[in-house]
Amino acid sequence: MARFLTLASCQTGPVQRSTSRREVVERLVALLERAALAGADLAVFPEMALTTFFPRWDLPASDIDVFYETQMPGPQTRPLFDAARKLGIGFALGYSELVRDGNRQRRFNAMALVDDGGEIIGRYRKIHVPGSEMPEPGTTVHLERRYFEPGNLGFPVYGFRGARIGLALCNDRRWPETYRMLCLNGAQVVLIGYNTPVQLEEAPSLAHLRMFHNHLPMQAGAYQNTVWVAAAAKAGFEDGQHLLGGSCIIAPSGEIAALATSQEDEVIIHRADLDMIDICRKVNFDFSRYRRPREYSLIAEQAGPLV
Ligand code: CDV
């Protein structure tokens, strides 16, 4: 079993609507090259890494297909997979997925896990889809619930170079259930991609806490589930909206081991010691011994508080 896995978080700067897939993929390949050169085994890219974060717009149905991938890899994304094989590095890529299911079209906010041979070895579809179907007064427009249905693959965990990898996307990182499900499925590393607006109209009094509320749940998730977390933002000013940076790699102790300092394309690296997981478990989190699942049944039965 691997003891170390060198993780890279490949943050990107904004991807404007006018940017072609070819240009974006070139940027992602350049980031992957930097990660590989720095010795990374596995890199994570942002959520919806190939396009602008289009749920910020109220768009007619006729305008949205351009943001989705019908094939992964497709002709435009193939160079990234070829680069992974050439460089001998794995990666996780967030993208918008359009699939045909019988005569129905289905749309998911998805992430693919690709091995160092350029083959897809895992898939995830975002479970916690935030926002609304229609714009809501007094609220920043965020129409993910119109453009995507909730994921239907659960919280799977995949083997990569002897380590067990789970995937999550953006809003998933705020929910303790995400990490606990991945932990119980055996994850040692959780890769997360995100697009988070800096400003939210609905809660101006919390505006100064946006970065704190970015890192807080990921640090708690890492600590409480004794996993490594590597998270990649799409950051900077994208089509008029400011997206939060703060890409990071977090140890099972809850400490931030590496942190992005820019709001542009940037690679951060950390050599993750997988043995830290067992050390952290010894301190408090001997799950099989101390957890009381029967006392927690409400968690699986009920979505919100009774009152
Ligand atoms: N892409 C996201 O899921 N963004 C959310 C929004 C709702 C703020 C987030 O949790 O960051």
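Remember, predicted model here, so these are calculated numbers, not experimental data. Counting starts at 1 for both ligands and their atoms, in listed order.
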For ligand 1, which atoms sit closer than 4.0 Å to a heavy atom of [X]?
X: E144; value: 1 (N), 2 (C), 3 (O)
X: E47; value: 1 (N)
X: P130; value: 3 (O), 7 (C)
X: N195; value: 1 (N), 2 (C), 4 (N)

Which residue and atom name correspond to the protein heavy atom nearest atom 2 (C) of ligand 1, and how close is it?
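Protein heavy atom with the smallest distance to atom 2 (C) of ligand 1: C170 SG, 2.7 Å.
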I165 and side-chain contact (heavy atoms from CB on, under 4.5 Å): which single residue from V44, L42, V157 fits?
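One option only clears the test, and that one is L42.
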I'd like to know if M48 contacts ligand 1, where contact means a heavy-atom distance under 4.0 Å to any ligand atom.
no
Is the NZ or CZ atom of R17 positioned over W57's six-membered ring, under 6.0 angstrom from the centre and within 45° of the axis?
yes
Would R107 and Y68 count as a cation-pi pair here, with the cationic atom under 6.0 angstrom from the ring centre and within 45° of the axis?
yes
Assess whether salt bridge (charged side-chain N to carboxylate O under 4.0 Å, His left out) is satisfied between R291 and D286, documenting all intermediate values.
CA-CA 8 Å; R291 287 188 77 246; D286 184 341; over 6 Å; no
Please work out which of the three classes, parallel, tilted or perpendicular, describes the rings of Y223 and F285, given edges at 30° and 60°.
perpendicular
For atom 9 (C) of ligand 1, state which one of H142, R174, K126 supplies the nearest heavy atom.
R174
Can a donor-acceptor pair be found between the side chains of S20 and E23 at a distance below 3.5 Å?
yes
Y296: what forms a ring pair (Phe, Tyr, Trp, His ring centres under 6.0 Å) with it, not counting sequence neighbours?
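So Y296 forms no ring pair (Phe, Tyr, Trp, His ring centres under 6.0 Å) with any residue.
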Examine the proximity of ligand 1 to H128 and report which part, side chain or backbone, both or neither, has a heavy atom under 4.0 Å away.
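For H128, no heavy atom sits under 4.0 Å from ligand 1.
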Contact region, F53 to ligand 1, non-hydrogen atoms below 4.0 Å, reads side chain
Any nitrogen or oxygen of T196, main chain or side chain, under 3.5 Å from a nitrogen or oxygen of ligand 1?
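Looking only at distances, the answer is yes, because the N/O contact criterion of under 3.5 Å is met.
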